[in-house]
Every structure is written in structure tokens, then in C-alpha cells.
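First comes the structure, then the notes that go with it.
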Amino acid sequence: MHTLQSKLPDVGTTIFTVMSQLAVEHDAINLGQGFPDYPMSADLTGLVYKAMTNGHNQYVHMNGLRLLRERLSEKIQKLYNTDVHPDSQITITPGGTYAIYTALTTILQRGDEVIVFEPAYDSYIPNIEINGAKPVLISLQYPAYNIPWDEVKKKVNDKTKAIIFNSPHNPTGAVLSKEDIQQLRTVVQNTNIMIVSDEVYEHLIFDDIKHQSMLRYPDLLERSFVCFSFGKTYHCTGWKIGYCISSPELMKEFRKVHQFNCFSCNSPVQFALADYLQNEEAYLRLGNFMQQKRDYFRKLMQQTPVKVIPSHGSYFECYNYNEFTDEADYELAIRLTKEYGVATIPMSSFYKDGIDNKVLSFCFCKKEETLERAVEKLVKSL
Ligand SMILES: Cc1ncc(COP(=O)(O)O)c(C=O)c1O
């Protein structure tokens, strides 16, 4: 019998898996986990097929296919007017989550502190703790989920190694503003604080808002690891492929960790993505496409008594239900799945201390008919 001392004794199964599993068991419509239920581009799957049949099936460079990094560099120049060198500043990774984990593992030493805003995507805190560091938690200001900068300034100290940002934000749909960037500049100036910026929803931003990527700001990029996911951009979350961008100095260290973990990502997919990146429309139209889904879902939800907390980006929109029940959000989410056939995510699961503002998060990147069927069921239950 082996005795194992857990490195993550407090960690259970991620809420996304718990709710998706429950949805399967109860044949419920899954508006919890963030994945599209409509097909991805046949052109892109065709390019993967072509890459495979053309023999691109062996390891590519550990930093990622050079052509893909070149095309990303061109895209970044066009979108954010920033020079990012394909050789020294871009690494292709097996997904955005891996890029975040690798960034944190690269920089953290035992006893370091990392500021995390809650509600937080659920991988951040375990990623910090497994590296012997301490998450310093700050609640975003409910209900708009703004960053309380005064509190950030109070909590920054000599041990603060990094701050994690996620814009557009899962699960609230909140986005960083230009004022946030100014505040951030003030906080980090004359410090060695690094930034881990989770921008997997880069293109899923609505209402003509400009995405405040760290890539726009060379002074911030210098101290940042900026993490992206092709899965979110091209409706293929199961592909698990993404990339990280940083300064040459930080990227050198990132690659030391990456080298002996993943080493090299799926080759044919990288050839295909390099080709497909030339189709600018495929990512430029994504915001409008997803905004239409948000608007359609929001309109349908007006038939229920829940109150919208407006989303400005991502796959998600949150709704408050406290006017008609004081049931705990976790209980309600379970009951809706089991009894009424709609799976959602209870917001308290994104807070370490389980703060419950009576809010459920809904994923709207679904076919219209899926959204209609789900809301029909919700109308009967809420
Ligand atoms: C905020 C956030 N970061 C990262 C990811 C994961 O991206 P990937 O699937 O590329 O690892 C997700 C997926 O849901 C997410 O919502």
C-alpha cells in the first residue's frame, strides 16, 4: 500500500467536469462548461487533414512551428501594433491552461504571493499552491465585477510576485478598461511584479469594446506572460492548443519548464493553423457572431424571473436569482440539472471561501435551438 502526501489536499474535481458529468447522467442541456455545440470551420479541419496526408506528422520545433509563430507575430502587429519576435517571444503550448500553469511554475518560489481576483477561473489557485506559493484573494466588486484597485494597492507587498488577469473574464464577462491599465501601471511601477494575463477570450468581446491586451502595452508586456487559446478562437476547445507571449528574458525561462513537460505540440494542427491565420475574417468576425448569441440568449431569458448581470465578453453571462429564492447557488444548480434538465455553473465555486451572491453562470455559445430548449425548461422551473 503506497502512502502519498497530496500536493493539493484541498482540491476536488473541477466544477466544469462535475456539472458536465451531472448533465450527462441526467440527460440535461449543458449550459455550464464553455464549449460550442455547433460545428467548427470545415476549411480548418480540411487543412489538418491536408497537413496529415502531406506527412506533417513528426515533432516540430519545441517552441512551435516557425511559420505559425511568424503568422502570430504578423497578427499581433496588425491588431496591437506591437513587435513580438517569433523566435524569442512566442511559444506554442497545448492550450491556454497549460500556458498559465507553465508561466506560474516558471516564476514562483516557495512563499511568493500572487494576487488573484475572484470569482477566478478554477485552475489559478491550485497552480499557485502546487508551486508552494500563496494566492492572495481579492473579490471583484459585485455586481459589475470591477477591480477594487485600492484593495490591490493595500495587498501588494515585497512578497508579491505576480498578479493574474483574465479579460474577457470567465465567468462574469467583465473586461479590463483603459483606466484599469493605468491603475495597473501605477501598481507595478518600481516593482518586480509580473503579470500573468489570461486572454483566451481575446476575440470574444462585444459592444464595440476594444480588448485591452497586455500586448498593446510594451511596458507591461516586458513583465507579462500573455496566454491564448486557439480552441476558443476557432470553436475547437477539444484541440487543446494555444500559445504564450512574453519578453525574450522571461520566455527563455518559460521554455526551460515547457521543454521537459510538453516539449512539442501537435504538428499537423500547427501547420493547419499557420495557414488558417491568413483568413483574418475568421477571427475578426467572432465578436459579432458571439454577441448575437449573447443577445439572443438574454432576450430568451427575459421570460424567466432571473436578472441579467451584463456580459461584455467570453462565452458566459451571469444571472442573479435572489428575488425568487434564497436557495444556495450550488443546490439550485444541482436541482436545475437533475429535475429540470439544464446544467449551469454556480458562481460560489469560483470563490475559495464559497461566497454566494445567488448567481448562476450560463454558457451561451450554443445553437439557437439549444438555447431555446434550455430556456423553455428554465421557464418551467424558475
Ligand atoms: C478563463 C479561461 N482560461 C483558460 C481556459 C482554457 O483554455 P484551453 O482549453 O486552451 O486550455 C478556459 C477554458 O474554459 C478559460 O475559461
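Numbering of ligands and ligand atoms starts at 1, following listing order.
Ion pairing of R66 with E70 is present here, as a side-chain N (NZ or NE/NH1/NH2) and a carboxylate O approach within less than 4.0 Å. Ionic pairing of E331 and R335 is not present here: no N-O contact between side-chain nitrogen and carboxylate oxygen is shorter than 4.0 angstrom. The pair K358-D356 meets the salt-bridge criterion, with a side-chain N (NZ, NE, NH1 or NH2) lying under 4.0 Å from an Asp/Glu carboxylate O.
Closest to atom 9 (O) of ligand 1 among all protein heavy atoms lies K240 NZ, 3.0 Å. Protein heavy atom at the shortest distance from atom 7 (O) of ligand 1 is T97 OG1, 3.7 Å. Scanning the protein for heavy atoms near atom 3 (N) of ligand 1, the closest one is D198 OD2, 2.6 Å. In terms of protein heavy atoms, atom 13 (C) of ligand 1 is closest to K232 NZ, 2.8 Å. Nearest protein neighbour of atom 5 (C) of ligand 1, counting heavy atoms only, is Y121 OH, 3.4 Å.
The shortest heavy-atom distance from Y201 to ligand 1 is under 4.0 Å.
With a 4.0 Å cut-off on non-hydrogen atoms, V200 touches ligand 1 through its side chain and not its backbone. At a heavy-atom distance under 4.0 Å, no atom of Q33 approaches ligand 1. Heavy atoms of I241 found under 4.0 angstrom from ligand 1: none, in either backbone or side chain.
An N or O contact shorter than 3.5 Å is missing between Y98 and ligand 1 by distance. The N/O atoms of G34, backbone and side chain alike, include none that comes under 3.5 Å of an N/O atom in ligand 1.
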Donor-acceptor contacts, no H, no angles, side chain residues 232-242, under 3.5 Å, sequence neighbours left out:
unit_1: K232; atom_1: NZ; unit_2: Y201; atom_2: OH; d: 3.3
unit_1: T233; atom_1: OG1; unit_2: S229; atom_2: O; d: 3.4
unit_1: H235; atom_1: ND1; unit_2: Y38; atom_2: OH; d: 3.1

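Below 30°, between 30° and 60°, or above 60°: for H56 and F271 the angle between ring planes is below 30°, a parallel geometry. Taking the six-membered ring for Trp and thresholds of 30 and 60 degrees, Y121 and F16 have ring planes inclined between 30 and 60 degrees apart.
Numbered from 1 in the order shown, with element, the atoms of ligand 1 that lie under 4.0 Å from a heavy atom of G96 read 7 (O), 8 (P), 10 (O), 11 (O). Here is the list of ligand 1 atoms found below 4.0 Å of a heavy atom in N166: 1 (C). Short contacts between ligand 1 and G95, defined as distances under 4.0 Å to a heavy atom of the residue, involve ligand atoms 10 (O), 11 (O). For ligand 1, the atoms lying closer than 4.0 Å to a non-hydrogen atom of N170 are 1 (C), 15 (C), 16 (O).
Residues F165 and F117 bring their aromatic ring centres within 6.0 Å. Not less than 6.0 angstrom separates the ring centroid of F260 from the ring centroid of F263.
Atom-to-atom distance recorded for Q89:CD and K252:NZ is 13.5 Å, nearest 0.5 angstrom.
For the residue pair N261/Y101, the side-chain donor-acceptor check at 3.5 Å is not satisfied.
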